[in-house]
**Student:** 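A single structure is presented below for examination.
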Amino acid sequence: MPTDFSQEINNCVEVLKNGGLILYPTDTVWGIGCDATNEEAVKKVYDLKNREDSKALICLVGNDAMLEKHVENVPDLAYDLIDLSTKPTTIIYDHPKGIAKNLVASDNTLAIRVASDKFCQYLINKFRKPIVSTSANISGQPTPKSFDEISSAILKGVDYVVNLQPEHQNSVPSSIIKLSNDGTVKVIRE
């Protein structure tokens, strides 16, 4: 520790390209990730977590341009929220596009966060596609606050575990805000 940062990125990109699952440090908690445009890969995440795919997962993008590519219409307020928020904030948008169908909620919305930590930004920008980010736990179990709390079922169920410490040790899930195209704003998780 630390192993070569770019080597970890390259290892992850290889796994993601092949439809595999990674376990990686995000700007919030340790996450299970996969290619957010690959339906088969997304299904593996639901299977690993024993989670119904009606419960949508969060998707990470590397920057505003990637956000705009995958959401029909990003409300102006979203940029203010992203710029002003003091902690990682996930926003639920209407009408996502170019994303695996099984990631999109039944009301045609998708939770997306612009990654704020270096590792996720580099990874997503190198992979050039959004990646899934969901807490590294079986559905219904508590969210692990540190790597040591991640269950062996999850560790064995992913194809690659990133060998880096998270940049931030805060380990708090992101805020979630729903922004509808009609201007409604709703806080889902503070």
Side-chain angles (χ1 to χ4, degrees), residues 1-5 7-16 18-36 38 40-62 85-92 100 102-103 105 110-124 127 129-178 187-190:
M1 276 304 300
T3 43
D4 187 359
F5 189 82
Q7 187 56 54
E8 289 296 326
I9 300 269
N10 293 341
N11 293 349
C12 286
V13 167
E14 276 312 296
V15 171
L16 292 169
N18 293 316
L21 305 188
I22 60 170
L23 181 64
Y24 67 114
T26 74
D27 50 358
T28 58
V29 292
W30 275 83
I32 301 169
C34 72
D35 176 351
N38 177 337
E40 283 299 298
V42 171
K43 186 180 180 315
K44 288 182 195 169
V45 175
Y46 286 121
D47 289 347
L48 177 58
K49 283 181 67 95
N50 291 337
R51 185 168 176 165
E52 299 154 43
D53 63 11
S54 58
K55 288 192 174 167
L57 304 172
I58 292 173
C59 186
L60 290 182
V61 294
S85 55
T86 51
K87 65 179 264 193
T89 300
T90 302
I91 299 176
I92 300 176
N102 51 351
L103 257 189
L110 179 64
I112 303 178
R113 186 163 76 250
V114 178
S116 56
D117 68 308
K118 203 161 57 179
F119 180 76
C120 290
Q121 283 177 340
Y122 276 80
L123 173 60
I124 296 162
F127 184 52
K129 287 194 266 189
I131 59 176
V132 165
S133 172
T134 180
S135 55
N137 57 328
I138 306 289
S139 211
Q141 303 284 322
T143 299
K145 288 186 171 42
S146 67
F147 187 79
D148 304 334
E149 293 179 15
I150 299 170
S151 75
S152 59
I154 297 284
L155 293 170
K156 289 185 187 122
V158 298
D159 300 290
Y160 186 71
V161 177
V162 172
N163 185 24
L164 290 173
Q165 292 302 315
E167 231 168 287
H168 313 286
Q169 296 290 350
N170 62 355
S171 297
V172 176
S174 66
S175 308
I176 301 182
I177 297 170
K178 187 169 187 169
V187 175
I188 309 286
R189 180 169 74 194
E190 278 186 27

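Just so it is clear, the model here is predicted, and its values are computed rather than measured.
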**Student:** In Å and rounded to the nearest 0.5 Å, what is the CD1 to CZ distance from I176 to R113?
**Tutor:** 8.5 Å
**Student:** Tell me, do S175 and R189 make a side-chain contact under 4.5 Å, heavy atoms counted?
**Tutor:** no
**Student:** Taking all non-hydrogen atoms of both residues, which atom of I124 and which atom of G62 are closest, and how far apart?
**Tutor:** CG2-N, 3.4 Å
**Student:** My understanding is that only residues two or more places apart in sequence, or in another chain, count here; which of them pass side-chain hydrogen bond (donor to acceptor under 3.5 Å, both in side chains) with Y160?
**Tutor:** E8, N11
**Student:** Checking side chain to side chain contact (heavy atoms under 4.5 Å, CB included) against V15, which of V162, I22, D35 comes through?
**Tutor:** I22
**Student:** Measure the spacing between SG of C12 and CD of Q7 and express it to the nearest 0.5 Å.
**Tutor:** 10.0 Å
**Student:** Minimum heavy-atom separation for S133 to T26, with atom names?
**Tutor:** OG-CG2, 3.7 Å
**Student:** How long is the gap from CD1 on I9 to CG on L164, to the nearest 0.5 Å?
**Tutor:** 8.0 Å
**Student:** So, Y46 side chain and N102 main chain: donor-acceptor pair closer than 3.5 Å or not?
**Tutor:** yes
**Student:** Measure across L21 and G157 and return the closest heavy-atom pair with its distance rounded to 0.1 Å.
**Tutor:** CD1-O, 4.1 Å
**Student:** Which heavy atom in C120 sits nearest to a heavy atom in P25, and how many Å separate them?
**Tutor:** SG-O, 3.6 Å
**Student:** Take T90 and S174 through the side chain to side chain donor-acceptor pair (under 3.5 Å) test and state the conclusion after the steps.
**Tutor:** CA-CA 6 Å; T90 302; S174 66; 2.6 Å; yes
**Student:** Output the distance between atom SG (C34) and atom NZ (K44), rounded to the nearest 0.5 Å.
**Tutor:** 8.5 Å
**Student:** Keeping the roles fixed (side chain from N38, backbone from E40), state whether a donor-acceptor pair exists under 3.5 Å.
**Tutor:** yes
**Student:** Answer whether the closest heavy-atom distance between the side chains of P173 and T28 falls below 4.5 Å.
**Tutor:** no
**Student:** Whether the K49 and T134 side chains hold a donor-acceptor pair (N or O, under 3.5 Å, no angle test) is what I'd like checked.
**Tutor:** yes
**Student:** Assess, by modelled atom type and distance only, whether the side chains of D27 and S116 contain a donor and an acceptor separated by less than 3.5 Å.
**Tutor:** yes
**Student:** Rounded to the nearest 0.5 Å, what separates atom CD1 in I91 from atom CD1 in I58?
**Tutor:** 11.5 Å
**Student:** Mind running side chain to side chain contact (heavy atoms under 4.5 Å, CB included) on L57 and R51 for me, showing each step along the way?
**Tutor:** CA-CA 10 Å; L57 304 172; R51 185 168 176 165; 3.9 Å; yes
**Student:** So which heavy atom on T89 is nearest to which on K87, and how close?
**Tutor:** OG1-O, 2.9 Å
**Student:** Using 30° and 60° as the class limits, which term best fits the ring planes of Y24 and F119: parallel, tilted or perpendicular?
**Tutor:** tilted
**Student:** Throw together a table of side-chain donor-acceptor distances under 3.5 angstrom for residues 147-156, partners on residues two or more places apart or in other chains.
**Tutor:**
from : atom 1 : to   : atom 2 : distance (Å)
E149 : OE1    : K145 : N      : 3.0
S151 : OG     : I154 : N      : 3.4

**Student:** Do I92 and I177 pass the side chain to side chain contact (heavy atoms under 4.5 Å, CB included) test, and can you show the C-alpha distance, the side-chain angles, and the key distance before you say yes or no?
**Tutor:** CA-CA 6 Å; I92 300 176; I177 297 170; over 6 Å; no
**Student:** Identify the heavy atoms of A136 and L23 that sit nearest to each other, and give their distance.
**Tutor:** CB-CD1, 3.5 Å
**Student:** Begin from the C-alpha positions of K178 and I188 and carry the test side chain to side chain contact (heavy atoms under 4.5 Å, CB included) through to its verdict.
**Tutor:** CA-CA 7 Å; K178 187 169 187 169; I188 309 286; 4.1 Å; yes
**Student:** Could you tell me the separation between the CG atom of L60 and the CZ atom of F127, rounded to the nearest 0.5 Å?
**Tutor:** 12.5 Å
